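Each chain gets a letter, A, B and so on, in the order its sequence line appears, and its residues count up from 1. Keep in mind the model is a prediction, meaning the values are calculated, not measured.
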Number of protein chains: 2
Amino acid sequence: MPETWGDRPRSGDGPLYRQVREALLREIAQGRHPVTEPLPSEQKLAARFGVAQGTVRRALDEMARENLVIRHQGRGTFVHAHGPDRDRFHFFHLLAADGERRLPTSRVLSMTQRRVTQTEALALRLSPQARVVEIKRVRDLMARRAVLELIILPDDLFPGLGDLNKTQLPNTLYQLYQDRFAVIVHRAVEKITAEAAGPDDVTHLGLDRGAPLLRIERIAQTLDGTPVELRISRCDTTHLAYFSDLL
Amino acid sequence: MPETWGDRPRSGDGPLYRQVREALLREIAQGRHPVTEPLPSEQKLAARFGVAQGTVRRALDEMARENLVIRHQGRGTFVHAHGPDRDRFHFFHLLAADGERRLPTSRVLSMTQRRVTQTEALALRLSPQARVVEIKRVRDLMARRAVLELIILPDDLFPGLGDLNKTQLPNTLYQLYQDRFAVIVHRAVEKITAEAAGPDDVTHLGLDRGAPLLRIERIAQTLDGTPVELRISRCDTTHLAYFSDLL
DNA sequence: TCTTATAACTCTTATAGAAGACTTTGCGTT
DNA sequence: AACGCAAAGTCTTCTATAAGAGTTATAAGA
């Protein structure tokens, strides 16, 4: 290991392609590079960073594998956003009993604004005084009441969301987050347990009191790790299942 | 697109690096390339397949990302096997309530040999006459009875397993599969539902009758997609949770 | 509407040096 | 002679660069 090296202006350390990756990551996280238009071409980026095109290519390929960007031959490289092209099942892991993947429909029960609870503040890394929007909705799968969802969103990240009419909420929320609030959900961590049905589950899901249900606690994050949504789903698993692929 | 080309003996189509990948995949699946010694070097493989080293490299890199092989600079590329180096949590997604990842201990209750049931035969793609080994065990997490496991294994894939003493079974079964039967589990698909505790759960997990529990139905496969294990875990989630990372 | 040009990504090959891991060699000591 | 140790050498993967042919999508022009 040499003591001194003047061979390259290495601002950081590690492989070059990784430095390029981090630089691009920062830019994307800062909201530059709108989802509607492509990133600069590999050539331009290479020139900008002072590296070879292959190095930029490697960084972009790696980011494409991580679903950070999506590459279209002939068109360009784009920040991978939620939209018609996005795999909708990436963040939806509930499978109908017949094994088919079907997207659910939603009906919003209520949408309110209030202060965070202690556990919510912890999960979303908010101050105890922060305000949140709480959305409660029922989701149907195959014309059957299946999931009771409670969604908690930090008010400061989604300004004006609480003023929306509850009928205006689309089925796929992540696209709304992106299009109206420039919040791109990139990752989600889920914690799954079994619980007994309470009064709410009885009324909204038609379950018997004490019946077993699946509780999914999800924390969704942007690509820089900021938690932006806490979602607690309570699922009747008599006709569906949560699936997970370990590969 | 040229009509004729004698330039290369392309057996299949698609990118070269992918053809190389498939060829290597076949070789590994066929049990050549023992896990103890490295694959041929990139140079040798390149010569063997008649492609450039970079092409082999791309194939191997892709396989490394998929956990098919593991690469050590200076040593070589190895078939990624279960062992001390393997991430043990890759196939174990139960998290203690404190958020820490801990491996469980196991106590085997019974090990029997019998004919498959219809559902088992379907899941494991066996003939209705096939014989299986059934292992039932309790797993403790943090000195607390947590999981009741039922493991179904095709007898023909694991010859002589049924004759083993039940005290001889190690805690990490996948390593046993690999070392004694040359079966490498590469992927697993899990289907998770909530259920009410039955008599077995009451006796072995100490749950109350009808208490909610998490049911995890796992089918483990080798890298060529052959299902080799059906495992049904019933978990008391009062002190633990199943976690899933969607990224 | 059809064709053509261009810009972008894709695939393959090639080369060269850096870095890690193992083996061999050589030397000195016991 | 046997042992220990360090240096040298070799093999392998890793990083970076470069160049050319191929594919795909968009835009301009006939």
Side-chain angles (χ1 to χ4, degrees), chain A residues 1-24 33 36-65 67-80 84-85, chain B residues 1-24 33 36-65 68-80 85:
Chain A
M1 183 166 42
E3 291 294 319
T4 62
W5 41 25
D7 37 290
R8 186 181 300 284
R10 48 172 64 212
S11 53
D13 43 9
L16 261 186
Y17 72 89
R18 203 163 288 276
Q19 296 180 38
V20 171
R21 180 185 173 281
E22 295 307 318
L24 286 172
H33 307 304
T36 52
E37 57 181 323
L39 299 183
S41 73
E42 294 179 352
Q43 293 287 358
K44 298 233 180 72
L45 287 174
R48 179 135 77 76
F49 289 118
V51 299
Q53 187 204 10
T55 305
V56 172
R57 161 159 270 281
R58 184 154 182 192
L60 287 175
D61 280 343
E62 196 168 276
M63 292 169 77
R65 284 201 307 274
N67 288 321
L68 293 166
V69 298
I70 185 162
R71 318 193 72 187
H72 298 289
Q73 184 170 256
R75 279 205 288 149
T77 303
F78 299 77
V79 174
H80 195 180
D85 292 349
Chain B
M1 181 165 45
E3 289 297 316
T4 62
W5 40 24
D7 39 292
R8 187 180 303 285
R10 51 169 62 212
S11 50
D13 44 8
L16 264 186
Y17 72 90
R18 202 164 290 277
Q19 296 181 38
V20 171
R21 181 186 172 280
E22 294 308 318
L24 286 172
H33 307 303
T36 53
E37 58 181 324
L39 300 182
S41 72
E42 294 179 350
Q43 292 286 2
K44 298 235 181 70
L45 288 174
R48 179 135 78 76
F49 289 117
V51 298
Q53 188 202 11
T55 305
V56 172
R57 164 157 270 279
R58 181 152 184 194
L60 287 175
D61 279 344
E62 195 168 277
M63 292 169 78
R65 285 200 307 273
L68 294 166
V69 298
I70 185 163
R71 318 193 72 188
H72 297 287
Q73 185 173 341
R75 281 208 286 148
T77 304
F78 299 76
V79 175
H80 196 180
D85 293 349

Tell me, which pairs form a salt bridge (charged side-chain N to carboxylate O under 4.0 Å, His left out) where one or both residues lie in residues 48-57 of chain A, sequence neighbours left out? A:Glu27-A:Arg48, A:Glu42-A:Arg57, A:Arg57-A:Asp61

Using whole Å, what does the distance between atom P of nucleotide C:dC9 and atom CG of A:Leu45 come to? 8 Å

Is A:Thr77 near enough to C:dA8 that one of its side-chain N or O atoms lies under 4.0 angstrom from OP1 or OP2? no

Indicate whether OP1 or OP2 belonging to C:dT12 is found under 4.0 Å from a side-chain N or O atom of B:Tyr17. no

Going by purine N1 to pyrimidine N3 plus the second Watson-Crick contact, or the G-U wobble pair, all under 3.5 Å, which nucleotide sits opposite C:dT15? D:dA16

Would you list the protein and nucleotides 19-22 of chain D atom pairs, both N or O, that sit under 3.5 Å from each other?
residue: D:dG22; atom: N2; partner: A:Gln73; partner atom: OE1; Å: 3.3

Between P on C:dT15 and CZ on B:Arg57, what's the gap in Å once rounded to a whole number? 17 Å

Select from A:Arg75 and B:Ser41 the residue whose nearest nucleotide in DNA chain D is closer to the 5' end of that strand. B:Ser41

With side chains defined as the heavy atoms from C-beta onward, is the minimum distance between A:Glu62 and A:Arg18 less than 4.5 Å? yes

Do B:Gln19 and B:Val51 touch side chain to side chain, with heavy atoms closer than 4.5 Å? no

Whole-Å distance separating the NZ atom of B:Lys44 from the C1' atom of D:dT12: 10 Å

Choose from C:dT13, D:dC14, C:dC22 the nucleotide whose nearest atom is closest to any side-chain atom of B:Asp61. D:dC14

Can you list the residues that meet the side-chain contact (heavy atoms from CB on, under 4.5 Å) rule with A:Leu39, with sequence neighbours excluded? A:His33, A:Leu60, A:Val69, A:Thr77, A:Val79

Measuring from the side chain of A:Thr55 (C-beta onward, heavy atoms only), which nucleotide among D:dA16, C:dT10, C:dT13 has the closest atom? D:dA16

Quickly work out the B:Arg21 CZ to C:dC11 C1' distance and round it to whole Å. 17 Å

Among D:dC14, D:dA16, C:dT13, find the nucleotide with the atom closest to the side chain of B:Arg71. D:dC14

Atom pair CZ/CZ of A:Arg71 and A:Arg65 - distance to nearest 0.5 Å: 11.0 Å

Check whether any side-chain nitrogen or oxygen of B:Arg58 sits under 4.0 Å from OP1 or OP2 of C:dC11, and answer yes or no. yes

5'-most contact on DNA chain D (nearest-nucleotide basis), B:Glu42 vs A:Gly74, goes to B:Glu42

Measure the distance from CD on B:Gln43 to C1' on C:dA16 and round it to the nearest whole Å. 13 Å

Nucleotide D:dA16, atom C1' - distance to CD of A:Glu62 in whole Å: 15 Å

Give the minimum heavy-atom separation between B:Pro38 and B:Gly76, together with the two atoms involved. CB-CA, 4.2 Å

Measure CZ/A:Arg65 against P/C:dT10 and give the value in whole Å, please. 13 Å

Looking at every heavy atom in both B:Pro40 and B:Leu45, which two are closest together, and how far apart are they? O-CD1, 3.5 Å

Rounded to whole Å, CD1 of B:Ile70 lies from P of D:dT12 at a distance of 18 Å

